[in-house]
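Chain A is the first sequence line, chain B the second, and so forth, proteins listed ahead of strands; every chain is numbered from 1.
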Amino acid sequence: METLRKTIFICICFLFALHSKSQNNAVLSAFEKSYTYETNKEYAKAINEIKLLKDDGYECCLRLGWLNYLNASYTESVANYTKAIGLMPYSVEARLGIAYPLSALGNWSLIISQYNEILKIDPKNSTVNYRMALISYTNKDYINAQKYIEISANMYPFDYDSAVLYAWTKLQLGKFNEAKVLFTKALMIKPNDASALEGLKLIK
Amino acid sequence: MYKLAGGVIIFLLLLVSKTEAQSTMSFKTIDSISYNYYQKQNWDSLIYLKNQLDGSEVDYFYLRMRFGIAYFEKNKFNKSTEEFKKALEFNALDSLAKEYLYYSYLYNVKEGEAKLVEPERLRKKQIIDAVYVELGPTFSNNNKTNQTAIIDNSQGIYEQIDLSKDETYLHLGLKHQLTKRISVYHGYSNIGINRTKQMLINGSVVTDNYYLKQQDYYINVNWYLGKGFSVTPFFHYLYVDYEKLNAYEELPVGSDHYSFYKTTTTLKDYVVGLSIDKRMGIFNLNLNGMYSSINYTTGTQLGLALTYYPFGNTNFWGSTSITKAGYKSPSFSTQKGIGGPPLVFGQSLGVSLFKKAWIEGNYTLGTLANFSENNAFVVYNSTDKIVNKWNISLTIPINKKIEAKLGYSFYNYQSSYMSCDTEETFTIKPTKYENQSIIGGIKWKL
């Protein structure tokens, strides 16, 4: 009787392992196919590959979020990213990802709230600090633009985007000497850059 | 041909039932159809699409903007307000949505809400926001109708009538926007009335032509509390000054010898009150109460008014009001021809004409004696009583800053004169007359 029990248990474990392996193979295969379709810009097919898995896990949601964005199905993309964020609340990548479809929909308030969430998780995130600086600058909120761009520019001092935005922010705040130095740095990174030259012209 | 085919496909897509539409129309379909309609300025179709999508999960900034602009272009400002508010929930920083919301409020007569969302570029930092000037004459047939009343109907030993005749009116007002929520309007008025007092003594008439001068100062403070609520305290001060001839019988009583003397009368009257407004969709409910001291009589007034904009814009509107007034002076309410405390009913209708001009008419029924209206901006303090009045006015915007107004008013008055039957008794005899006024005005937004 004992021997029979052991045999049944071993059989169940074996079947479970076999099922898991085939499941894992299906997931890997679906993801691989979806990358191929994505490269070929066949986004609907790529989406279908993932959907066939009928998996509501984080990875599938994140992937569907991205693919739906590429497929211009923005509200579906937002729904997938939202699900992914729900599953992994500390996921910075999902919050960065949702910003793409949200910007396509024009829902900038939701982008800002996602960026603020990211900054709570990762206050020095250079991408988000740069983007927040850009949003603030566009809305003529130069004080906040300076607050964000300072972080990004200090982390990547030789990054053109940060340098030129920092320079324009300083110019708008009337700090002309600092703006001049930053525009000059932007020209070192990107010689003859039109934006930096325009800024310098305004200072002179 | 292709255009026609495209149109048919879109039409068929929209033919599906509301529930079906919600479940089957994907973001891509909704976005492309709405964008197509928006680009072609096909506002009716956009509104139809909006109705089909009611309750749909597809909801985003650009879609709300398209629907909002469609409603705005169709002058449905209540609906456009909702769409732009929703759009701003998606993107609180968008200046175009803010500006559309501002104008949606403004064109829907919601100035309080409009001020709260007024875009920076439209905001002005100035002491005076608008200047108002209005003036005009009032023509009366009182003199023509009643100048022989005391002679024609003479029965007693002494008769006296005081005839109010033509008038002039001038008002200068300023509006100040103190904060986003608080605005002040105040102004000075000058009214001049030609009057004639006739006294029939011993068969001969003694006439005194005199001039009544009235100077007013009016102020109200409008405070927008939010959620459609606003309160307006107001105060109106009236300084009335005139000098007229009086007769007294020399002693002993019955001598039939009269002396004449002039007396100067100065009245320092006022009305103070509070008005509360609540805007609810296409309705505006107003409750107002005031206390007055006019012509030696104190009184209170309580009014309720409902203004409605059935189409969610100012193309057509109406206002119905009912006011109950009461006076503390018993002699006032029991005077012949006045009756008890008056209940006043008012009805206004307005229609928008070409190029944003509009015409407004109103009718008021009820005894207007020591009565105030429009938050006591207008005070009927004449000793003669208005029993009904109607008014029609045309407002034409000259340009973006200047608005001209021309109004015609017709008043039915009831008055009285005194007839002394004996040395000790007198009777009050009623008279009637009509006044017509033409008031022109300019509102200049600075």
Side-chain angles (χ1 to χ4, degrees), chain A residues 41-48 51 61 64-83 86 98-117 128 131-145 147-148 172, chain B residues 13 21-36 38-39 46 49-50 52-70 82-102 117-123 125:
Chain A
K41 295 184 178 176
E42 293 174 293
Y43 304 122
K45 285 182 181 174
I47 291 164
N48 199 40
K51 274 187 173 174
C61 289
L64 280 174
W66 173 247
L67 290 171
N68 271 310
Y69 166 69
L70 292 175
N71 196 36
S73 301
Y74 302 125
T75 52
E76 288 86 344
S77 171
V78 169
N80 291 128
Y81 275 124
T82 307
K83 223 182 259 180
I98 202 172
Y100 292 109
L102 284 177
S103 76
L105 295 169
N107 300 353
W108 283 91
S109 292
L110 298 175
I111 295 175
I112 291 168
S113 73
Q114 286 298 341
Y115 285 164
N116 283 325
E117 286 302 314
V128 173
R131 287 181 188 173
M132 284 295 273
L134 198 58
I135 293 168
S136 303
Y137 185 90
T138 310
N139 289 294
K140 295 178 181 172
D141 180 4
Y142 304 118
I143 304 284
N144 268 321
K147 187 183 95 182
Y148 292 116
Q172 297 291 357
Chain B
L13 274 168
Q22 285 171 22
S23 58
T24 56
M25 283 176 83
S26 69
F27 161 77
K28 271 188 176 179
T29 314
I30 293 165
D31 192 57
S32 71
I33 293 174
S34 62
Y35 186 63
N36 186 305
Y38 176 74
Q39 275 200 317
L46 258 172
L49 177 68
K50 154 78 189 157
Q52 288 293 305
L53 293 176
D54 225 7
S56 163
E57 284 178 7
V58 177
D59 195 3
Y60 55 100
F61 174 77
Y62 292 125
L63 189 66
R64 291 289 183 167
M65 283 299 287
R66 287 167 204 160
F67 291 151
I69 291 168
E82 292 311 310
E83 296 302 316
F84 293 126
K85 274 163 84 176
K86 194 74 194 166
L88 283 165
E89 277 178 30
F90 287 123
N91 185 1
L93 302 170
D94 190 81
S95 54
L96 187 67
K98 278 182 192 171
E99 200 157 327
Y100 265 115
L101 181 63
Y102 169 74
V117 296
E118 188 175 22
E120 194 70 43
R121 73 174 192 88
L122 300 173
R123 218 171 286 156
K125 284 176 185 166

Do B:Phe27 and A:Leu105 have side chains that get closer than 4.5 Å, going by heavy atoms? yes
By salt bridge (Lys or Arg N to Asp or Glu O under 4.0 Å), which residues pair with B:Lys86, not counting sequence neighbours? B:Glu89
Surrounding NZ of A:Lys83 (heavy atoms of other residues, nucleotides or ligands, distance under 6.0 Å), is the total greater than 12? no
For A:Tyr137, is the OH atom crowded, meaning more than 12 foreign heavy atoms sit under 6.0 Å from it? yes
Heavy-atom contact with chain B under 4.5 Å, split by part of [X]:
| X | answer |
| --- | --- |
| A:Ser136 | neither |
| A:Asn71 | both |
| A:Leu102 | neither |
| A:Ala79 | neither |

Would you please test B:Leu93 and A:Ile112 for side chain to side chain contact (heavy atoms under 4.5 Å, CB included) and show each step? CA-CA 10 Å; B:Leu93 302 170; A:Ile112 291 168; 3.5 Å; yes
Tell me which of these, A:Ile135, A:Ile111, A:Thr75, has more heavy-atom pairs under 4.5 Å with chain B than the rest. A:Thr75
Residues B:Asn91 and A:Gly106: closest non-hydrogen pair is CB-O, 3.3 Å
State, to 0.1 Å, how close A:Ser109 and B:Ala92 come at their nearest heavy-atom pair, and which atoms those are. OG-N, 2.6 Å
Pull out the residues in residues 58-68 of chain B that come under 4.5 Å of chain A, heavy atom to heavy atom, sorted by number. B:Val58, B:Asp59, B:Tyr60, B:Phe61, B:Tyr62
